[in-house]
Number of protein chains: 2
Amino acid sequence: VNTNAAFIGEKLGRVGVPVDEAVVVGDDTQQIAAAVGRGLQGFDVAVLTGGLGPTHDDVTVEGVALALKVKLEQRDEVWAAIEARYRHMDRTVPSGASRMALVPSGAEILENRWGTAPGLHLVKGGHHLFVLPGVPREMRGMLEDSVLPRLKRLPGLAPVHVRSIMTAGVPESTLSEKISDLIPGRDHAVRLAFLPGYGGVELRLTTQQDPAAMDRLAEQIGERIGSSLIRDAGDRDVVAYAGDLLRSRGETVATAESCTGGLLGKLLTDRAGSSDYYIGGVVAYSNRLKEGLLGVPATILARHGAVSAETAEAMATGAREQLGATYALSVTGIAGPGGGTPDKPVGMVYLGLAFPGGTSSRKLQLATDREQNRARAAYAAVDFLRRHMTGQISSK
Amino acid sequence: VNTNAAFIGEKLGRVGVPVDEAVVVGDDTQQIAAAVGRGLQGFDVAVLTGGLGPTHDDVTVEGVALALKVKLEQRDEVWAAIEARYRHMDRTVPSGASRMALVPSGAEILENRWGTAPGLHLVKGGHHLFVLPGVPREMRGMLEDSVLPRLKRLPGLAPVHVRSIMTAGVPESTLSEKISDLIPGRDHAVRLAFLPGYGGVELRLTTQQDPAAMDRLAEQIGERIGSSLIRDAGDRDVVAYAGDLLRSRGETVATAESCTGGLLGKLLTDRAGSSDYYIGGVVAYSNRLKEGLLGVPATILARHGAVSAETAEAMATGAREQLGATYALSVTGIAGPGGGTPDKPVGMVYLGLAFPGGTSSRKLQLATDREQNRARAAYAAVDFLRRHMTGQISSK
């Protein structure tokens, strides 16, 4: 799964070098050389990642030399840096490491502050080739450190302006219908992409020519979609937004989970600093624990079942009282793929919310995929809290 | 982030059609046509995904028609199926939907049981082009349903035999050193890939020519790496393996989490049927809850701190007793990026295990990345249980 390409595409676009094509080839000198040749011929800039390490299948540098018809030469300063790095780690230099000091003739060395293999910058006929390691952390660091500053110096760049409109709680198809007349056509200066994720759909507006038109369009879309819009979210998703809202009010949240098994707590603690507002939770996967740990009355479980609005609210109440938080969120449902009944099919989920002075619940009917259902339910729970905190749902 | 390419590569390789190249282009008719042309010229099989929907930027079919120099024609049976689908969903057919019934002349229709847009199969000069939706669930279903059966009928295929050696608890570099003399060279009939994940490193052996040599090599590697090998894992990772082990013994596990915030419970419940052995857990993100919910003595927290072997074992003991499980696993540590001290740096994590008759703990020193540290710690906790259950660590 190629996360490097997505990252590079995003970063290059923002400095005015939109990515037209991404290619993946195997660890094969000929295939790499062919791809490099095509990249240098058809594009102003080509960025290569991976295959710079010391093992037998790291052949990227050979492929580059073959494509550019230049020789490989050992660079003393690169070798010295490699030796120093292994010495620093208190390890002997492995036998293959000397290969990492082989560099195509004419290449400029790009320092790698995160790992061993250096990067390369080559120019041929005004076209730029950058060669970076494949390890995401090293690639990302070197892209920011060495590649983007060099690209910014290229003449005639029109940076891509980007505006994200973060939404939550409404599927892509509904959003698309709501704003169908606002979607810019192919010849418009502004482009609109729908980027759906479990946390909600991001509407991403981009333009190279007309940032003012983009801002106007963002306004119009925001007005149209109402409470699905996370106002002033910037690029924060619903979890980050709700977390910051809790922190700014000095409030806290606890969780009581059944079918999500801990995922809701995990989401709420993904960001550093979440202990400011998340105090903890209970995963009550069995009914016994819903009674024992959360104090859900046995009569509620018997009368309404574990997957019900009543149980969801009782779970939230129990968590709020026992853990001592401003709010408590609960999730109980049938994640699937098994366990459904005609009355309570797979994908039926109840969210519960306990707040100062009351409780509330919400029913979701999700699909059949377990992973998807769990993720959607957890994000929907956070959105339930966001809507409550921003006054968009009435309490009972 | 392209998950489709990885999935397609894996599936096609297994039926004997190894993937040499993956290309991503934008929603642009010309770019798509150029990529299709190159794909049909240079390769026996090309699989296209995405851009089959009803919106303005869905132009894949136009690109295919352009590349093959054929016309688009509306197919009545496709249009009827689209209408029926929307009727079934109780929705009116959106205005753009008729575009989904436009098909390049000569194409065979591939049924889409998961969504609206049909797939296509075209043959030109003995080269095969498959066009599938980009939605992963639809793409995966149709690949299995329609593409793989057609590919299997191609003459002269040498399926790729695959063997996975699942490991846990040892980093890639250590494994690589342990088996360095066993790693097959470039001219060997068997290839070996290291596929590191948070759950451990998968050593994947593949061969088209010599399955017997692959099996021998797998044996040798297994003997060499000892307890890091998950014996008889098949393609189960450490979480699935430990879950099945618990189920087969009729035993259960509970969790007590601090820095992982619920991730350990989430991992243990990723698979359907996990309620057979996972009963629940407590996320005690604050020290107050470590005392209140898990009964960790205040003296232990005061003397040793929340991140210590003593607290980890007390958390596990508390969870085991209060939740009533055979085993309890605990995680407490400094996930980062902030919160470290000279004594207890970022990445320091203690795992605790409570079992019938005792407790045990293990210290990890991870890195600086929060997401990585949390994932590694959660998987390491499961591996801690696996090693205990298979007699690979002594109890105290």
Side-chain angles (χ1 to χ4, degrees), chain A residues 1-3 5-6 20-26 28 31 35 55-57 137 176-177 180 183 185-186 193 255 257 259-275 278-286 288-289 292-293 322-324 335-339 369-371 374, chain B residues 1-3 5-6 20-26 28 31 35 55-57 94-95 137 176-177 183 185-186 255 257 259-275 278-286 288-289 292-293 322-324 335-339 369-371 374:
Chain A
V1 172
N2 193 347
T3 59
D20 274 348
E21 190 172 317
V23 179
V24 181
V25 296
D28 179 283
Q31 285 181 19
T55 70
H56 66 285
D57 50 3
R137 202 166 51 99
S176 167
E177 275 169 37
S180 60
I183 295 174
R186 294 193 69 79
T255 52
E257 303 184 57
C259 64
T260 43
L263 176 57
L264 176 56
K266 185 259 175 198
L267 278 186
L268 287 167
T269 57
D270 272 340
R271 287 201 312 166
S274 45
S275 58
Y278 181 70
I279 60 162
V282 167
V283 181
Y285 215 56
S286 70
R288 180 168 62 76
L289 292 186
L293 284 179
Q322 305 221 15
L323 279 68
D369 183 82
R370 180 179 181 84
E371 186 188 336
R374 283 162 38 107
Chain B
V1 173
N2 192 345
T3 60
D20 274 348
E21 192 172 315
V23 179
V24 181
V25 296
D28 179 282
Q31 284 181 21
T55 70
H56 65 285
D57 51 3
S95 58
R137 203 168 50 97
S176 165
E177 274 171 36
I183 295 175
R186 293 192 70 79
T255 53
E257 303 184 57
C259 63
T260 44
L263 176 57
L264 176 56
K266 185 259 176 198
L267 279 186
L268 287 167
T269 57
D270 272 340
R271 289 200 309 167
S274 46
S275 58
Y278 180 70
I279 60 163
V282 167
V283 181
Y285 215 56
S286 71
R288 180 169 62 76
L289 291 186
L293 283 178
Q322 305 219 17
L323 279 69
D369 183 81
R370 179 179 181 85
E371 186 189 335
R374 283 161 40 104

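Every heavy atom of this structure was used, including side-chain atoms; hydrogens, water molecules and symmetry mates were not.
Only the side chain of A/L289 comes within less than 4.5 Å of a heavy atom in chain B; its backbone stays farther off. Contacts between A/A272 and chain B at a heavy-atom distance below 4.5 Å involve backbone atoms as well as side-chain atoms. Contact of A/R288 with chain B is made through the side chain alone, with heavy-atom distances under 4.5 Å. In this structure, the portion of A/I183 lying under 4.5 Å from any heavy atom of chain B is its side chain and not its backbone. The contact between A/S274 and chain B is made by backbone and side chain atoms together, counting heavy-atom distances below 4.5 Å. With a 4.5 Å cut-off on non-hydrogen atoms, A/E21 touches chain B through its backbone and its side chain both. Within the 4.5 angstrom heavy-atom criterion, no atom of A/E257 approaches chain B.
Of all the listed residues (A/C259, A/S275, A/G185), the one sharing the greatest number of non-hydrogen pairs under 4.5 Å with chain B is A/S275. Put simply, of B/A5, B/S286, B/G26, B/G281, the one with the most heavy-atom pairs under 4.5 Å next to chain A is B/G281. In terms of heavy-atom pairs under 4.5 angstrom with chain B, the leader among A/V25, A/T3, A/L323 is A/L323. Interface summary for chain B: among A/A193, A/G265, A/A35, A/S180, the most heavy-atom pairs under 4.5 angstrom belong to A/G265. Counting heavy-atom pairs closer than 4.5 Å to chain B, the top residue among A/T269, A/D369, A/V282 is A/T269. When A/A335, A/G280, A/A6, A/G273 are compared by the number of non-hydrogen pairs under 4.5 Å with chain B, A/G280 comes out ahead. For the set A/L263, A/V23, A/I279, the entry with the most heavy-atom pairs within less than 4.5 Å of chain B is A/I279.
The backbone N or O of B/L264 lies less than 3.5 Å from no partner atom in the side chain of B/R374, so there is not a single donor-acceptor pair.
A distance of 7.0 Å separates CD in A/Q322 from CG in B/L293, rounded to the nearest 0.5 Å. The CG atom of B/D20 lies 8.0 Å from the CG atom of A/D28; values are rounded to the nearest 0.5 Å.
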Practice problem: Show your working on salt bridge (charged side-chain N to carboxylate O under 4.0 Å, His left out) between A/R370 and B/D270 and close with a plain yes or no. | Solution: CA-CA 8 Å; A/R370 180 179 181 84; B/D270 272 340; over 6 Å; no
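Remark: the B/Y278 side chain and the B/T255 side chain contain an N/O donor-acceptor pair separated by less than 3.5 Å.
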